[in-house]
Every structure is written in structure tokens, then in C-alpha cells.
Amino acid sequence: MQSSQSFRGMRDILPGEVERRSHFLDTIRTVYSSHGFHEIETPIVDSLEILENSGGGENEKLIFKLLKRGEKLQLTDDTSPDDLVDGGLRFDLTVPLCRFYAENAVRLPKPFRSLQIGQVFRAERPQKGRYRQFLQADIDIIGDSTALSEIELLIASGHALHRLGLESFEVRLNDRRALEQILLKQGVGIDQIIGVMVALDKLDKSSPEQVVKEIIARGVDPGVAESLLEALGRASGQHVVDELANAGAEEAILSNLEEIVSKVRGSIHGMGVRIDPLCVRGLGYYTSTVFEYSSPKWGSSIAGGGRYDSMMSRFGLDQPACGVSLGFERIHAVLAGTEGTAGSSSRRNLYLLFDQTEQLGEALAAAREYRKSGFSVILVSHRHGGRSPMKRLASEAEELRRQGAQGEYWFLQLGTDAEPRLLMHG
RNA sequence: GUGGCCGUAGCUCAGUUGGUUAGAGCGUCAGAUUGUGGCUCUGAAGGUCGGGGGUUCGAGACCCCUCGGUCACCCCA
């Protein structure tokens with residue numbers, strides 16, 4: 001007998017859980033739609049040519065690749081793995097979006113506000129809140145180079161998180177160019193910048209001493225490393241911007257960040273916004289502003305985004321772009337155990353018990369009527385006078401609720417009960 | 001990709017320093033009972049002890065490999 005376990009890092013989703021997830025997705029769609037975003041769909045598979053060298057950083061190493069098919073799959077002594085593959089599963093929604101935009105720009109509004117909800121794949125080692133297939137919900141604005149993009153994206157995504165039921169969360173905002181300028185000014189070599197940024201990004205987890213150590217290990221002069229940390233360490237309180245300017249960041253970049261913060265701050269209940277010069281975010285395609293959402297209930301980020309102005313140039317288009325991605329699985333995990341949020345479309349289930357040999361026609365007619373009045377009707381064939389399925393139905397409803405389903409459960413014995421009777425409600 | 005911990009029935013777990021036919025609760029199924037169904041009682045089914053190899057007279061317990069889970073790195077949503 002074969003194992004029925006799911007493939008590594010993949011998982012099944014039970015009915016009650018799907019009900020709950022659908023409700024969350026409805027909320028996301030409703031909120032984003034109210035902010036003017038248009039939903040699109042892109043393929044899960046793209047050519048490797050597009051997926052690779054996309055600035056996806058580490059993610060590019062995690063691509064599930066697709067074997068060529070038919071005649072194109074030629075095995076000889078000197079074929080390398082790369083000769084055998086030509087496609088791959090997407091590791092995010094941004095790369096496919098850029099291809100989509102380049103292909104369809106003429107038929108799209110300008111600037112284009114895109115919403116995409118879809119599965120992405122990364123061949124990582126699975127962990128809690130980390131799967132090899134997971135759902136992301138992205139909004140992006142293509143064709144606007146001003147801070148309006150960032151402001152709209154932060155407000156819309158904050159709105160969505162709030163409506164999903166997140167009580168408190170924080171956005172850390174930064175502009176990579178600012179950090180780069182500071183590093184250069186402080187004496188970090190241009191080829192060391194990336195390594196130093198990665199090390200600095202760990203400051204929220206590791207001690208400053210460890211980070212200094214790591215920076216030195218990456219080839220930076222110990223004196224430079226020390227003064228760098230000191231300069232950035234100062235830039236965390238009330239006067240972040242002033243300190244960053246002193247440390248060598250350009251005024252225009254900093255005032256842009258200030259503008260974003262001032263417009264976003266206070267707009268969403270429970271959302272904190274602050275400039276964090278150490279927020280770096282991977283090292284992918286982001287060119288300037290980057291932001292990351294965290295919840296006190298979760299160790300790592302639950303959403304993130306930034307500006308990727310040069311990405312479209314791959315396709316010969318010169319278009320600025322900026323986006324934010326919600327990590328659906330992680331948000332769902334953060335919300336685990338909480339009650340449904342406002343507007344929860346809880347369904348009213350009705351178990352319609354009937355004798356199949358005598359009451360089938362009658363039952364179908366009754367089912368149609370109850371559907372009209374808003375019930376989700378579940379036909380339960382049950383021979384008259386037989387053991388009542390009551391207990392079984394109650395425990396089934398209980399199980400669905402455990403999985404996350406909401407709603408009421410009613411039952412009605414055709415020919416005996418005049419009205420549906422409440423079995424349980426959630 | 002690297003390292004630590006874990007893997008017994010559908011679920012939650014017992015299982016003494018290796019020693020007869022591997023247990024419980026919940027759930028499932030069957031029957032009984034109950035004048036209004038979810039209670040109670042009885043019984044049954046269900047386990048290649050994740051898989052493979054090894055040590056041993058004997059392994060669910062010990063060793064190796066492998067698969068899966070989990071945590072920490074790495075990186076990220």
C-alpha cells in the first residue's frame with residue numbers, strides 16, 4: 001500500500017479550514033477592491049529565463065524546476081541539470097506580474113493597481129509557518145514613481161490586516177539608498193555593502209557585539225564597524241532622520257520617508273509605522289523603499305514589500321513599480337484561535353433527514369425551499385425508525401468547527417418536524 | 001543546504017534497566033436502553049510500533065541509514 005502522506009512541505013486543507021480561509025480571502029478582496037485595485041491572475045509556471053536573474057536573490061536557488069518534455073529532453077553524457085529544464089514554479093508574485101504587465105500594458109489602466117492572490121513555491125526546508133507551497137496576496141502599483149504609491153499601498157494593506165482581525169502590528173520602513181550612502185560614507189567598501197547590510201539586518205535578533213563581529217568577519221575594518229554601529233545605534237529614537245542625515249544619508253531620500261510616515265501614521269487603528277534604517281529585506285529586486293510588517297504574535301515577518309523601479313527594464317519598459325505582499329499562511333496562523341472578524345459570512349447549515357425509499361421527491365422539494373430561504377441544505381438519507389444520526393451529525397458539526405468553520409447547524413426530520421431545529425451554533 | 005529534538009490505533013498519549021498474544025481515553029461501527037433523538041450500558045473493528053538494515057536467544061525500546069515532523073541557523077511570507 002502506498003503512503004497517503006502529502007509531498008514534503010505540502011499540505012491538505014480540510015473543509016472547515018477552507019471555509020475560514022475563504023472568509024479571510026473575501027475580506028482581503030473587498031478591502032483591496034475598495035482601494036481601487038484590480039484583480040488579475042498569472043500562471044503558476046514561468047520560463048526559467050524569466051524566473052532566474054530576476055533579482056529574486058536567494059529565492060532563485062529555491063525554484064522547483066520543470067523537466068523538458070518529449071524530444072527536447074535529450075540525455076547525453078555531457079548534459080548538465082540545467083540542460084534538462086526549461087520552466088519553473090514561481091517563487092513570488094512580483095516576477096510574474098512584471099512579465100504580465102510588459103505583455104499586457106496596452107490594455108491596462110495607468111498607473112495600474114494590481115491585486116494578485118496566488119500560490120507560490122519555494123523548495124525550502126519546511127518549518128512552522130513555512131511551507132513549500134503557500135499563498136500570497138499582493139498589491140502593486142505600476143507606473144507611479146512618487147511616494148503616493150508607498151502611501152496607498154501601506155494604507156490599503158494596513159486596512160486589510162486590520163479588517164482581518166489583527167489587533168496590533170508594526171511596519172518598519174526604510175530606503176535602501178539611505179543605508180547604502182551611510183555605509184559608503186562610513187568607509188565600507190562598495191563590494192562589502194551587501195554583506196554588511198545582511199549583518200545589520202540581524203540587529204533585532206542578535207546583540208550589537210555579535211553583529212560587529214560578523215561585519216568584521218566580512219572584511220570590514222574593525223574601527224569602521226564600531227563607528228558604523230554607533231552611528232546607526234543613535235538613529236533609532238525620536239530624531240532618526242537627523243541622525244541619518246548626520247551619518248551621511250541624502251536629505252531628499254529622508255524627507256521622502258518622512259512624508260510617507262506622516263501620511264500613513266494614524267490612518268489605521270493598531271498599525272504602528274516607524275523608520276528603521278536597518279530594515280533591509282533580502283537583497284532582491286528592491287531599489288529604494290522597503291517595508292516589513294511584524295506582529296507581536298509572530299517571530300518573523302507577516303508581510304513585506306518595497307519599490308522595484310528597474311525590474312520592468314528587463315522587458316524593455318521603463319516603469320516604476322512598488323508592491324506589498326501579505327503572507328496569507330502566516331497571517332492565518334497569527335489569527336488562529338480568534339473569532340471571526342466583523343462581516344463574517346457564517347453559513348446556516350441544515351441537515352435534512354429523510355427516508356430515501358419513501359420521501360426522496362418530497363425531500364428534494366423541501367431542500368429547494370430551504371435553500372431559497374438561505375440555508376445550506378445537506379441531505380441525510382436515513383431509514384425511518386432507524387437509529388437516529390443525531391449524534392453523528394452533532395460530532396461532525398463539532399469537527400468542522402474545530403477546523404475553523406463558523407456558522408449554525410440545524411436539523412429537520414422530514415415528516416416529523418415542522419420547522420428546522422437548532423443543533424448547535426458557533 | 002547545516003545542526004538539535006521527535007515519530008506507538010483516525011486523534012491525544014501509556015508502554016518500568018531490551019523479555020510472552022502492544023494498552024488507555026476520545027472518536028468510529030454494531031446492539032441494548034432511554035416516551036421526544038446529542039445521555040447511559042455492552043460489544044466490535046482498528047496498529048507493517050514511520051520505512052529499511054544491524055546488534056541480540058529475544059527490539060516499540062539499543063546502533064546505522066532513510067523518510068516525515070519540529071526547533072535553531074540560513075533566508076524569507
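Proteins come first, then strands; the chains are lettered A, B, ... in the order of their sequence lines, and each starts at number 1.
B/G47 and B/C6: their P atoms are spaced 27 Å apart (whole Å). For the P atoms, the distance from B/U36 to B/A22 is 44 Å, rounded to whole Å. A distance of about 32 Å separates the C1' atoms of B/U12 and B/G53, rounded to the whole Å. Rounded to a whole angstrom, the distance from the C1' atom of B/C39 to that of B/G4 is 49 Å. The separation of B/G1 from B/U66, taken at their P atoms, amounts to 12 Å, rounded to a whole angstrom.
Put simply, OG on A/S313 and CZ on A/F315 are 9.5 Å apart, with the number rounded to the nearest 0.5 Å.
Residue A/G305 is classed as having no contact, given no heavy-atom separation below 4.0 Å to the nucleic acid. In this structure, A/R421 reaches the bases: a heavy-atom distance under 4.0 Å links it to at least one base atom across the strands shown. Within 4.0 Å of A/D138, counting heavy atoms only, lies no atom of the nucleic acid at all.
Between A/K61 and A/E58, at least one side-chain nitrogen of the basic residue sits less than 4.0 Å from a carboxylate oxygen of the acidic one, meeting the salt-bridge criterion. Contact check on A/R132 versus A/E124 returns no salt bridge, with no Lys/Arg side-chain nitrogen under 4.0 Å from an Asp/Glu carboxylate oxygen.
What you find for A/R21 and A/L135 is that their closest heavy atoms are NH2-CD2, 4.0 Å.
None of A/Y131, A/F24, A/F134, A/W298 except one satisfies the ring pair (Phe, Tyr, Trp, His ring centres under 6.0 Å) rule with A/H332; the exception is A/F24.
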Distances for protein N/O vs nucleotides 1-4 of chain B N/O pairs under 3.5 angstrom?
unit_1 : atom_1 : unit_2 : atom_2 : d
B/U2   : O4     : A/R125 : NH1    : 3.3
B/G3   : O6     : A/R125 : NH2    : 3.3

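Applying the ring-ring contact (aromatic ring centres under 6.0 Å, His included) rule to A/H35 yields the partners A/H159; only residues at least two apart in sequence or on another chain are considered.
Secondary structure note: stems in RNA chain B built from 3 or more consecutive Watson-Crick or G-U wobble pairs under 3.5 Å occupy B:1-7 with B:67-73, B:10-13 with B:23-26, B:28-32 with B:40-44, B:50-54 with B:62-66.
Taking the side chain of A/Q413 as heavy atoms from C-beta on, and the options B/A77, B/G69, B/G37, the nearest nucleotide is B/G37.
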